Protein chains: 2
Amino acid sequence: MDKDVLEYIGKINTALENNETVIIAANCEVNYYGKVESFLPSGDRIILIKSDKTLLVHQPTGVNPINYMKEGTEVKLVVDKGQVILKAKHLFLKDFLDAKIHLIHFVNTHKLEDGGKIEVVGSEADMSDMIYENPLLIEPGFKPFSREEHTKVGFIDVFGTDKKGKVVVIECKRDNADFKAVQQLHRYIHKICKSKGIKEENVRGIIASPKISSNAKVMLEELGYKHVSVNPPKYLARYDKKQKRLGEF
Amino acid sequence: MDKDVLEYIGKINTALENNETVIIAANCEVNYYGKVESFLPSGDRIILIKSDKTLLVHQPTGVNPINYMKEGTEVKLVVDKGQVILKAKHLFLKDFLDAKIHLIHFVNTHKLEDGGKIEVVGSEADMSDMIYENPLLIEPGFKPFSREEHTKVGFIDVFGTDKKGKVVVIECKRDNADFKAVQQLHRYIHKICKSKGIKEENVRGIIASPKISSNAKVMLEELGYKHVSVNPPKYLARYDKKQKRLGEF
DNA sequence: ATATAGATCTCGTCA
DNA sequence: TGACGAGGTCTATAT
């Protein structure tokens, strides 16, 4: 066994015990046994073990890890018959991952401190807020009376009445709305009507999204619902010409 | 400007030009503008830039990156008024990410080579294969005649007839089946009947999954469909007592 | 390009 | 704990 390798092993195991973040660049093969089984032949990968004992194996391409273990995994490096193996197990989740390490390119460990919370603007929730505050984005006379309703009935984005006093249910999608969005809207309306004893003809359904797929449009119109083109809000976009009116309300 | 920092910058930019994989552990704040806008205040993070110019920003906890840029991003480190900034842009996707770097904990770069393809056992496709080859897992007399049907009709997992010659459509779920799985099954059957001019009463629907949610069960039975308990296949599980019979067919 | 669905989806939230 | 929906979902596949 190489002296360098033994030093790496010591360094990594110490860092793991101290809940440091550990990064290993290595040629390795990876076997996983848990919800599925997976087998990854040899190649160069980045192994990242976080302070919460999340483990990620990344190939040199793509956004997603090729293998991972969730928070709370027990991880250690062992030597078995001259073979360096990273052993990871999560007893509660019944997950097991072994990485046979053939060659270590580099190792780094560090105690990382991070309490930062991300703020995101432009989510579906922001869209429903925007509509709630700017009902004209839907149509004249629309009066919202609740948003982000998390009840037995469902998670209704915006709930209100139109100029004739008819109940309106709005489902927001921040991107293209597909037939699933229409099904979702239909399900909410079905549940509302059932629970409140209203006829479905007396409730209007609206999809609010930047665009809608052709199949979804057909399904929507078959159900008697309609689509309104609305873009999700962005800070910077508030100054765009098209959405300038947002600031006016 | 620190001499160390200038060395880091040079090292990183050179590595990026050579399509090496780059790892930076740094205290930084991150702004993203693209599909949404996001703002992440200061904290210690791992920044990983892959050889295909995928960029990931990981906090010290959790499986998912807190920010990312997809394959094909232009990345460089610049110094602006004494401030080190990692600038990433993806012109085609109209995505922009800036990371203001306050402190670098460590940097590592390496040329990584990996052609390894993962093999996964236990996916939904494996389940439908298993059922196709072992129809008794569904019921006596079931005769499958296609699997993984990707056609106009839909993506039907397993398609066949029962002992009375009635058409059977099976939707597989590798885990808990929810009401969406039932909707999916219903949708497929609806489309089949429409395209082939069959009455829906003459088609049977089956959800094959390890378990099913109570709501889904209710919906399933209202539609006259049924649930069959099937576990996704695993190599090792073939030797389990319960599934030993798989090998017998 | 759009449409559709799986994923070891993950993550948050609420009953 | 289960159920349910969002996600900058990502990724693969078919049309």
Side-chain angles (χ1 to χ4, degrees), chain A residues 32-38 54-57 61-71 90 93-97 118 120-128 148-157 171-181 184 187-188 211-216 232 234, chain B residues 32-38 54 56 61-71 90 93-97 118 120-128 148-157 171-181 183-184 187-188 191 211-216 232 234:
Chain A
Y32 165 75
Y33 179 77
K35 285 197 186 176
V36 297
E37 285 178 84
S38 76
T54 297
L55 182 149
L56 305 173
V57 181
T61 60
V63 171
N64 287 337
I66 190 67
N67 280 113
Y68 66 90
M69 298 281 281
K70 292 171 97 163
E71 180 181 358
H90 197 303
L93 297 176
K94 292 171 191 161
D95 270 354
F96 304 90
L97 182 147
I118 198 166
V120 177
V121 181
S123 65
E124 200 176 289
D126 293 328
M127 256 183 100
S128 66
E148 291 282 301
E149 183 116 357
H150 283 241
T151 63
K152 299 152 235 167
V153 187
F155 302 3
I156 290 153
D157 291 336
E171 172 60 33
C172 299
K173 289 293 158 195
R174 62 173 312 290
D175 208 340
N176 199 27
D178 59 13
F179 75 86
K180 284 178 191 170
Q184 203 179 330
R187 181 175 130 90
Y188 292 155
K211 45 185 184 162
I212 185 163
S213 77
S214 50
N215 283 357
K234 291 184 189 179
Chain B
Y32 164 76
Y33 179 78
K35 285 195 189 175
V36 297
E37 287 176 86
S38 76
T54 296
L56 305 172
T61 60
V63 171
N64 287 338
I66 190 70
N67 279 114
Y68 65 90
M69 297 283 280
K70 292 171 100 164
E71 179 182 358
H90 197 304
L93 297 176
K94 292 171 190 161
D95 269 353
F96 304 90
L97 181 147
I118 198 166
V120 177
V121 182
S123 65
E124 197 176 292
D126 293 328
M127 255 183 102
S128 66
E148 291 283 300
E149 184 117 355
H150 282 242
T151 62
K152 300 149 232 165
V153 188
F155 301 5
I156 289 154
D157 291 337
E171 173 60 33
C172 301
K173 290 294 160 197
R174 62 172 312 290
D175 208 339
N176 198 28
D178 60 13
F179 76 87
K180 283 180 188 171
Q183 279 187 341
Q184 204 178 332
R187 181 176 126 88
Y188 293 155
K191 286 177 85 175
K211 45 185 185 161
I212 185 163
S213 78
S214 51
N215 282 358
K234 292 183 191 180

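Values in this document were obtained by computation on a predicted structure and should not be read as measured data. Every chain is numbered from 1, with letters handed out A, B, ... down the list of sequences.
As a whole-Å value, the separation of Q183(B) CD from dA5(C) P is 11 Å. K180(B) has its NZ atom 15 Å from the P atom of dA7(C), to the nearest Å. Taking atom CD1 of residue I118(B) and atom P of nucleotide dC9(C), one finds them 13 Å apart after rounding to whole Å. Atom CD1 in I156(B) sits roughly 15 Å away from atom C1' in dA14(D) (whole-Å rounding). Between Y33(A) atom OH and dT8(C) atom C1' the separation is 13 Å, expressed in whole Å. If you measure from atom CG of D157(B) to atom P of dT4(C), you get 17 Å, rounded to the nearest angstrom. Rounded to whole angstrom, the span from the CG atom of N176(A) across to the C1' atom of dA3(C) amounts to 9 Å. Regarding K191(B), its NZ atom lies at a distance of 12 Å from the C1' atom of dT15(D), rounded to whole Å.
Counting only distance, with no hydrogens or angles, the side chain of H90(B) and the backbone of M69(B) share no donor-acceptor pair below 3.5 Å. Judged purely by atom type and a 3.5 angstrom limit, D157(B) uses its side chain to pair as donor or acceptor with the backbone of C172(B).
Applying the 4.0 Å criterion to OP1 and OP2 of dT4(C), one finds that Y188(B) has every side-chain N and O outside that range. Between dG6(C) and Q184(B), a contact under 4.0 Å exists linking OP1 or OP2 to a side-chain N or O.
Listed nucleotides: dT2(C), dA6(D), dG6(C). Nearest to the side chain of E171(B): dG6(C). Residue R187(B) places its side chain closer to dT4(C) than to any other of dC4(D), dT4(C), dG6(C).
Looking at heavy-atom distances under 4.0 Å, K173(B) makes contact with sugar-phosphate atoms alone, never a base. Looking at heavy-atom distances under 4.0 Å, K94(B) makes no contact with the nucleic acid at all.
For A177(B), the side-chain contact (heavy atoms from CB on, under 4.5 Å) criterion is met by K173(B), A181(B), I207(B), S209(B), I212(B), not counting sequence neighbours. Taking the side-chain contact (heavy atoms from CB on, under 4.5 Å) definition, one finds that D175(A) meets it with K211(A), sequence neighbours left out.
T61(B) has its side chain out of reach of E71(A): every pair of non-hydrogen atoms, C-beta onward, lies at least 4.5 Å apart.
Residues D95(A) and Y33(A) have side chains that never bring a donor and an acceptor to within less than 3.5 angstrom of each other. In the model, S38(B) has a side-chain atom that pairs as donor or acceptor with a side-chain atom of N67(B) under 3.5 Å.
Nucleotides dG8(D) and dC4(D) have their P atoms positioned 23 Å apart, rounded to a whole Å. Comparing the same atom, C1', in dA7(C) and in dA6(D) gives a spacing of 15 Å after rounding to whole Å. Between dG6(C) and dG7(D), the two C1' atoms lie 15 Å apart (nearest whole Å).
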**OP:** Heavy atoms under 4.0 Å is the rule here; annotate nucleotides 7-13 of chain D 5' to 3' with B where the base is hit, S where only the sugar-phosphate is, and - elsewhere.
**Re:** SBSSS--
